[in-house]
Amino acid sequence: MESLIKLLTKKRLKLSIAESCTGGLLASLITSVNGASKVFNLGLITYSNRAKIKILKVNKNIIRKYGAVSEECCSAMVINLSKISKANINVSITGIAGPKGGTKQKPVGLVYIGIKKGNKIQINKYLFKSKKRLSVQRATVKKALKLILSVAK
């Protein structure tokens, strides 16, 4: 975590995050490091569909048609977060942490992580094997941190 903070500081990059299924775990890990205030701009926990619609301005038709756990919703979350935050790197996370709530089409462990730097947007889909809530959340945060590092370099 310290290396991420140092890299972002060195490159003068600001980071903002909109989390759903991780409930602030990513923001908490980043802000637990001394010096995070130089790089961490904004952290939102938009857990409910209502929060995604009201705070992140995700079009309700996206959620209605594709669901909150979808590439489309994740993309809208990260794009709209970047408008609010004005950070260099924006991250959105939405998924099904479990242990309940999954379906055949969208099983527990399905997570989308969006990352936007400049005009480049990348939406990543993961299906974590574990059906344990904290395991899914931790695996998601680990992937998100790797993505942030890769775009910050």
Side-chain angles (χ1 to χ4, degrees), residues 1 4 8 13-32 36-37 39-153:
M1 204 57 61
L4 173 66
L8 293 174
L13 296 171
K14 295 281 187 188
L15 174 68
S16 289
I17 302 165
E19 296 179 74
S20 185
C21 67
T22 48
L25 187 59
L26 178 57
S28 177
L29 278 174
I30 292 168
T31 59
S32 70
S37 60
V39 299
F40 192 79
N41 188 42
L42 174 70
L44 298 172
I45 302 169
T46 52
Y47 201 73
S48 69
N49 290 351
R50 181 173 167 77
K52 288 174 186 69
I53 294 163
K54 294 285 182 195
I55 296 168
L56 285 176
K57 307 296 183 212
V58 174
N59 188 311
K60 63 184 171 201
N61 293 325
I62 288 174
I63 293 174
R64 194 177 295 132
K65 186 173 180 180
Y66 303 103
V69 180
S70 65
E71 185 176 334
E72 294 82 0
C73 183
C74 187
S75 178
M77 287 171 69
V78 80
I79 289 167
N80 294 344
L81 172 65
S82 73
K83 291 174 187 172
I84 297 167
S85 76
K86 306 288 190 240
N88 309 98
I89 300 173
N90 292 276
V91 179
S92 63
I93 298 171
T94 186
I96 304 168
K100 294 179 181 167
T103 64
K104 259 189 177 162
Q105 293 81 17
K106 295 183 181 186
V108 169
L110 175 64
V111 175
Y112 291 90
I113 302 173
I115 190 156
K116 183 178 185 296
K117 183 182 179 202
N119 293 325
K120 194 174 179 191
I121 300 167
Q122 183 182 338
I123 307 298
N124 303 274
K125 179 182 178 179
Y126 301 98
L127 184 56
F128 299 108
K129 298 264 185 268
S130 176
K131 302 304 173 209
K132 292 188 174 126
R133 187 174 193 78
L134 193 54
S135 295
V136 171
Q137 291 173 324
R138 285 182 176 154
T140 301
V141 166
K142 196 173 179 181
K143 289 286 186 188
L145 288 169
K146 283 183 181 175
L147 288 168
I148 295 165
L149 273 170
S150 72
V151 301
K153 288 184 177 175

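Predicted model, so just to flag it, every value in this text is computed and none were measured.
- Side-chain contact between Lys125 and Leu110 is present, with heavy atoms from C-beta onward closer than 4.5 Å.
- Between Lys100 and Val108 the shortest side-chain heavy-atom distance does not fall below 4.5 Å.
- Residue Lys143 places its NZ atom among 12 or fewer non-hydrogen atoms of other residues, nucleotides or ligands, all under 6.0 Å distant.
- A donor-acceptor pair is defined here as one N or O able to donate and one able to accept, closer than 3.5 Å; such a pair exists between the side chain of Ser92 and the backbone of Cys74.
- Remark: the backbone N or O of Gly24 is paired with a side-chain donor or acceptor of Glu19 at under 3.5 angstrom.
- Between Ser85 and Asn90, some side-chain heavy-atom pair lies under the 4.5 Å cut-off.
- The distance from atom CG of Asn80 to atom OG of Ser75, rounded to the nearest 0.5 Å, is 9.0 Å.
- The backbone N or O of Ala144 lies less than 3.5 Å from no partner atom in the side chain of Lys142, so there is not a single donor-acceptor pair.
- No side-chain donor-acceptor contact under 3.5 Å links Thr22 to the backbone of Leu25.
- Lys106 places a side-chain heavy atom less than 4.5 Å from the side chain of Thr103.
- Counting only heavy atoms from C-beta outward, the side chains of Thr94 and Thr46 never approach each other to under 4.5 Å.
- Within the structure, the ring pair (Phe, Tyr, Trp, His ring centres under 6.0 Å) test picks out no pair touching residues 39-81 (sequence neighbours left out).
- Judged by distance alone, the side chain of Asn124 and the main-chain N or O of Ile113 form a donor-acceptor pair under 3.5 Å.
- Remark: Phe128 engages Tyr126 in a ring-ring contact (aromatic ring centres under 6.0 Å, His included) (not counting sequence neighbours).
- Taking 4.5 Å as the limit, every side-chain heavy atom of Lys120 sits out of range of all side-chain heavy atoms of Val151.
- In this structure, Ser32 contributes its side chain and Leu29 its backbone to a donor-acceptor pair below 3.5 Å.
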